[in-house]
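Okay, so here's the structure we're looking at.
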Amino acid sequence: MAKKKPSFARRSGCPLNASIEMLGDRWSLLIIRDMMVRGFRTFKEFLESHEKIATNILTDRLRKLESNGIIAVAPDPSDGRKSIYSLTPKGIDLAPVLTEMVLWAAAHENTGNQELVKQMQKGKEQFIARVRQRLMEKTPSSTGK
C-alpha cells in the first residue's frame with residue numbers, strides 16, 4: 001500500500017505522533033469503533049451512539065477521518081441527500097489496534113460489554129479476521145462501487 005504524504009505538516013516524524021494526530025481524540029476512535037463493531041454507516045447512527053456526540057463534533061471528525069484516508073464517503077443510493085460512511089483499507093487496518101485497546105481497558109478497568117471482551121480474549125486473531133472480512137465486504141473498492 002502506497003504511503004501518502006500528509007496534507008499538513010506534522011509536529012514531528014514520530015510514527016506515534018502521526019497516529020495521535022490522525023486518531024488522537026476519543027470521538028474519532030469511537031466513530032471507528034462504531035463502524036467496526038456495530039456496523040454503523042450513517043450520520044444518524046453515529047449520533048445515536050451511547051456517548052452522544054454533538055452534531056458539529058461528529059461532522060468535524062468525519063471530515064478529518066476522510067481527509068486522513070481512514071474512511072470513505074459515498075452518497076446513499078436510496079437517498080442522495082444522505083451519505084454512507086465506510087472504512088477504507090487503511091481504516092480496517094486499525095482493527096488490531098482497537099482490539100488491543102479494548103482488551104487493555106478490560107484488564108485494567110471495570111468495563112461493560114463483557115461478551116465482546118470474551119470473544120476477543122477467546123480468539124483474538126479469529127475475531128480480528130472476522131472483523132476484517134466483514135468490513136472488506138463493505139469497502140467500496142472491494143465491491144467495485
Side-chain angles (χ1 to χ4, degrees), residues 1-11 15-106 109-145:
M1 181 182 305
K3 294 181 182 178
K4 290 177 87 177
K5 289 187 178 183
S7 57
F8 58 91
R10 300 220 183 273
R11 290 183 184 265
L16 182 58
N17 177 68
S19 298
I20 291 169
E21 287 186 16
M22 285 187 281
L23 307 169
D25 74 295
R26 74 184 195 138
W27 296 118
S28 295
L29 291 170
L30 292 172
I31 290 166
I32 295 166
R33 174 213 57 195
D34 286 345
M35 295 177 85
M36 279 188 186
V37 177
R38 297 181 173 142
F40 288 7
R41 300 189 71 190
T42 67
F43 194 88
K44 183 179 179 188
E45 288 173 322
F46 296 123
L47 278 179
E48 294 171 351
S49 188
H50 302 296
E51 292 82 13
K52 304 295 182 200
I53 188 170
T55 57
N56 62 323
I57 294 173
L58 176 57
T59 299
D60 179 69
R61 296 320 185 272
L62 289 169
R63 285 183 184 146
K64 285 181 180 177
L65 290 168
E66 181 185 17
S67 71
N68 282 304
I70 295 167
I71 65 171
V73 184
D76 184 334
S78 64
D79 184 349
R81 298 169 297 171
K82 297 179 182 177
S83 296
I84 298 291
Y85 299 90
S86 59
L87 288 163
T88 63
K90 181 177 178 178
I92 294 169
D93 282 347
L94 291 167
V97 175
L98 268 64
T99 300
E100 289 297 338
M101 291 178 77
V102 167
L103 292 172
W104 176 82
E109 299 291 325
N110 183 16
T111 61
N113 204 350
Q114 288 303 302
E115 186 57 38
L116 176 67
V117 172
K118 287 176 187 173
Q119 285 178 29
M120 290 176 173
Q121 290 170 332
K122 184 177 178 183
K124 181 171 50 176
E125 296 304 319
Q126 296 85 354
F127 176 84
I128 293 169
R130 284 192 309 271
V131 168
R132 283 183 186 273
Q133 181 178 4
R134 182 175 41 79
L135 292 170
M136 287 305 292
E137 291 169 359
K138 293 181 179 180
T139 301
S141 62
S142 69
T143 60
K145 290 181 184 175

Distance, nearest 0.5 Å, that separates CG of L116 from CD of Q121: 9.5 Å
Please check if the side chain of D25 supplies one atom and the backbone of W27 the other of a donor-acceptor pair under 3.5 Å. yes
With sequence neighbours left out, what residues match S78 under side-chain contact (heavy atoms from CB on, under 4.5 Å)? D76
Consider only side-chain N and O atoms of T111 and E109, and report whether a donor and an acceptor are under 3.5 Å apart. no
With rounding to the nearest 0.5 angstrom, report the CZ to OG1 distance, F43 to T59. 3.5 Å
Before giving the answer on side chain to side chain contact (heavy atoms under 4.5 Å, CB included), spell out for F40 and E48 the whole-Å C-alpha distance, their side-chain angles and the decisive distance to 0.1 Å. CA-CA 10 Å; F40 288 7; E48 294 171 351; over 6 Å; no
Side chains of M36 and I92 in contact at under 4.5 Å (non-hydrogen atoms): no
As a test of understanding, state which of R132, R41, M35, M136 forms a side-chain contact (heavy atoms from CB on, under 4.5 Å) with L87. M35
Measure the CE-CZ distance between M101 and R33 for me, rounded to the nearest 0.5 Å. 11.5 Å
Answer yes or no: is there a side-chain heavy-atom contact under 4.5 Å between T42 and I84? yes
Could you measure the distance from the CD1 atom of I57 to the CG atom of L47? Nearest 0.5 Å is fine. 11.0 Å
Hey, are the side chains of V97 and L23 touching, using non-hydrogen atoms and a 4.5 Å cut-off? no
Nearest non-hydrogen partners of G80 and P75, listed with the distance: O-CB, 4.4 Å
Interatomic distance, S49 atom OG to K44 atom NZ [nearest 0.5 angstrom]: 14.5 Å
Verdict with supporting geometry, I20 and L16, side chain to side chain contact (heavy atoms under 4.5 Å, CB included): CA-CA 6 Å; I20 291 169; L16 182 58; 3.9 Å; yes
So, using side-chain contact (heavy atoms from CB on, under 4.5 Å) as the criterion, who are the partners of Q126 when residues are at least two apart? R130
By salt bridge (charged side-chain N to carboxylate O under 4.0 Å, His left out), R38 pairs with (sequence neighbours left out) D34
Measure the shortest side-chain to side-chain distance between I53 and L30 over non-hydrogen atoms and say whether it is less than 4.5 angstrom. no
Minimum heavy-atom separation for T88 to A72, with atom names? CG2-N, 3.8 Å
So, do L58 and I31 sit near enough that their side-chain heavy atoms are less than 4.5 Å apart? yes
M120 side, atom CE; T99 side, atom OG1 - distance, nearest 0.5 Å: 4.0 Å
Taking all non-hydrogen atoms of both residues, which atom of I128 and which atom of A95 are closest, and how far apart? CG2-CB, 4.2 Å
Locate the shortest heavy-atom distance separating N68 from K90; write the atom from each residue and the value. O-NZ, 2.6 Å
Do L62 and F46 touch side chain to side chain, with heavy atoms closer than 4.5 Å? yes
